[in-house]
2 protein chains.
Amino acid sequence: MKNKRHSIKDIAAALNVSVTTVSFVLNGKAREKRISEEVTKKVLDYAKSINYKPNQLAQSLRTGRSKIIVVMVEDISNYFFSKLARIIEDIAYDKGYKVLFCSNENKDERSRDLINLFRERQVDAYVIVPSPGIQQDIAELVSDDIPVVLFDRYFPEIETNYVIIDNSEAVHKASQHLVDNSYKNIGFITISSSQTQMEARQRGYREAMQANNLKEFVLEVPFYEKNIEKVKELIKEYIAAQGLDAIFFATNYLTQIGLEVIRESYPEKINEMGIITFDDNDLFKIYFPPITAVSQPLEEIGEELMTTVLKMLKNASDKPYKNQKILSASLIERNSSFPNKSRA
Amino acid sequence: MKNKRHSIKDIAAALNVSVTTVSFVLNGKAREKRISEEVTKKVLDYAKSINYKPNQLAQSLRTGRSKIIVVMVEDISNYFFSKLARIIEDIAYDKGYKVLFCSNENKDERSRDLINLFRERQVDAYVIVPSPGIQQDIAELVSDDIPVVLFDRYFPEIETNYVIIDNSEAVHKASQHLVDNSYKNIGFITISSSQTQMEARQRGYREAMQANNLKEFVLEVPFYEKNIEKVKELIKEYIAAQGLDAIFFATNYLTQIGLEVIRESYPEKINEMGIITFDDNDLFKIYFPPITAVSQPLEEIGEELMTTVLKMLKNASDKPYKNQKILSASLIERNSSFPNKSRA
DNA sequence: TTGAAAGCGCTAACAA
DNA sequence: TTGTTAGCGCTTTCAA
């Protein structure tokens, strides 16, 4: 049963035709190259009978294309990214592309390593959630005419394609929703980061507070603080010190920690405090109370990313395809942001 | 800036040496092949100066090895799998391997497609969560001497390496925990499936009930039911009809649906009903009440998988490495399985 | 101590 | 209508 792999040469030899003929037939160029019906059929039948599979490596080496797209996110185990991964995978698969997922942990060095790794393998295109300091590396990819599209965040200083959402508008709207529900001391818990998406979210919150003449309470958790207990402590103290009656968590990760803090330290508040999280998660829907969330349009993002990549792949470098898309997030209103609703 | 890729030939030409010499030096064989210090240094320096990166495709084509490991799971967006993916990715990356993740959606056709796809690319090894009907395909990989290791579930009829957990023992123990906390009408909500892991879980539950002379309440949700509303309806009715005072959800997916049902239809019960879920999730920890969960040892599984794969890769086919590992899951006791504990 | 050259499996320009 | 052949970039045997 140890069926050694068959090559085009094997087929050619077995059928007494040349490799060229086989190659043409196998690549569907029989018609175009006017190979006789008879030979065509013979080749096809034989290839099928021995279960011939072309060696893609050789093919890629020859053509310079690998039919592989890399999707580099911050952390593939993050709900938002993993859901998106599935959507992207499905679209790519449909179009005959394979997708390589990887996590850069938001670290520049790892991002670089990964990009280099994939360049060595002539990956065809890159979909990247960039870590803060790889602007230069991205610029290089672009200048080397390699299709790249950024998402979630981008570098305003360089000319790239990207798909993002309007973070500030989304947060502004959601903050207003809290104001409309008569919360007064609305805190915004975020991470200290100058990445575009985080800055935009904070801006959205601040604008909303200013528009309503409310005091701004922003807690910036240190970006590199990996000690969850420390983060919990910070949040716990901040809630008490500022007497917050509502909290907007700027990332899913913070929401999880925040909810844990509330459950442990202020269990009585879980049903009165207004809570909104950025980025939805299946479990927020079934939480007690269900958590109101700013939800990014996953399907839309995935489709936009893939159509962009595929178009870039198709267009020659002399007429580059340009697409800088800003999508809108939606607010999914659940009980956690209504003071009066049944909260159980 | 459009720096075309450099090849070994370019280097050889620039330095007036042969490609062989360059290849030897670049592969660290300078000593072994007694290349002069001088030439060695010259080559190394030049390669560095032009930022030379070998073409891995060509390398793989030549050597037959791609340094790629495929990890095929049911759904990469599932918490368990995505967390594991990260662990595996990190280990592989350390060892100079890249990992390709993909989701087979538990469908045989997709599994086959993917396996074929990767065989064409001479992927070095496979880590697979097999869909129900691909026993034959797995057997073929094995008989072709391609390293494969299964996990989460396996095929008892074929001789493969695998890493699984003792599902029945884990569920048995967890069920006993419910009994110990004096729940009487303990339901087991699962999916109808004859896959090893699901059968083992159900067996564990049944054994525990029998050992305690308790009635068995098993609800098997149809395996292919994609309509969540239908599933909710089934669960809702089952809870009422059987008067359950505790529920064991056999998968994370069912837990999410189940919790939604309880919140919507029996909100008063959330704090009295005993609840245990199979597979933990960060959010269960912060739920109200926090949900007791059977937790699979992710790191251990990931490490075991990778050491197995790496060993298989190293061993020649005439002395195959064998490893069929059964790990233990742990029960993380949280409030949802205690009738008396403060449930908020 | 270094180089020439074959060949991994494939595509495609050119020849017949 | 089909075949010959160069070459993608690399490794490695054999020769010098």
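Order of the sequence lines fixes the chain letters, A, B, ..., with proteins taken first and strands second; residue numbering starts at 1 for each chain. Just so you know, these numbers use all the heavy atoms, side chains as well, and skip hydrogens, waters and symmetry mates.
- Contact check, A:S7 against C:dG9: no side-chain N or O comes under 4.0 Å of OP1 or OP2.
- The interatomic distance linking A:L61 (CG) with D:dC10 (C1') rounds to 8 Å, in whole Å.
- With distances taken from any side-chain atom of A:F24 to the nucleotides D:dG9, C:dG3, C:dA13, the minimum falls on C:dA13.
- Computed from coordinates, the B:I35 CD1 to C:dT2 C1' distance equals 6 Å when rounded to whole Å.
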Worksheet item: Could you walk me through whether A:R112 and A:E109 pass the salt bridge (Lys or Arg N to Asp or Glu O under 4.0 Å) check?
Response: CA-CA 5 Å; A:R112 277 191 204 107; A:E109 203 200 322; over 6 Å; no
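- B:F151 and B:F80 have tilted rings, their planes meeting at an angle from 30° to 60° on a 0 to 90° scale.
- Between A:K53 and C:dG9, a side-chain N or O to OP1/OP2 separation shorter than 4.0 Å is absent.
- The nearest whole Å value for the distance from the CG atom in A:L26 to the P atom in C:dT11 is 8 Å.
- Phosphate proximity of C:dC8 to B:R62: absent, as no side-chain N or O sits under 4.0 Å from OP1 or OP2.
- Within the 4.0 Å cut-off from OP1 or OP2 of D:dT12, at least one side-chain nitrogen or oxygen of B:K29 is found.
- Considering all non-hydrogen atoms of both residues, A:G64 and A:Q122 come closest at O-CB, 4.3 Å.
- Listed pair A:Q59 / C:dG9 fails the phosphate criterion, with no side-chain N or O lying under 4.0 Å from OP1 or OP2.
- Residue A:E32 contributes atom CD, which lies 10 Å from atom P of C:dA13 at whole-angstrom precision.
- When heavy atoms are screened at a 4.0 angstrom cut-off, A:K33 is found touching base atoms of the nucleic acid.
- We find that CZ of A:R65 is positioned 16 Å from P of C:dC10, with the value rounded to whole Å.
- Remark: the B:T20 side chain and the C:dA4 base include a donor-acceptor N/O pair separated by less than 3.5 Å.
- Between B:N55 atom CG and D:dT11 atom P the separation is 10 Å, expressed in whole Å.
- On a pure distance criterion of 3.5 Å, no polar donor-acceptor pair joins the side chain of A:S23 and the base of C:dA12.
- Contact check on A:K107 versus A:D113 returns no salt bridge, with no Lys/Arg side-chain nitrogen under 4.0 Å from an Asp/Glu carboxylate oxygen.
- In this structure, B:I11 places its CD1 atom 17 Å from C1' of C:dT2, rounding to the nearest Å.
- A donor-acceptor contact shorter than 3.5 Å is absent between the side chain of A:D152 and the backbone of A:V129.
- Summarising the geometry, the separation between NE2 on B:H6 and P on D:dG9 is reported as 12 Å, rounded to the nearest angstrom.
- Under 3.5 Å, the side chain of A:S36 and the base of D:dT1 form no donor-acceptor pair of N or O atoms.
- DNA chain C is contacted by both B:V39 and A:Y52; B:V39 maps to the nucleotide lying nearer its 5′ end (nearest heavy atom per residue).
- Taking 4.0 angstrom as the limit, A:T21 places a side-chain polar atom (N or O) nearer than this to OP1 or OP2 of D:dG3.
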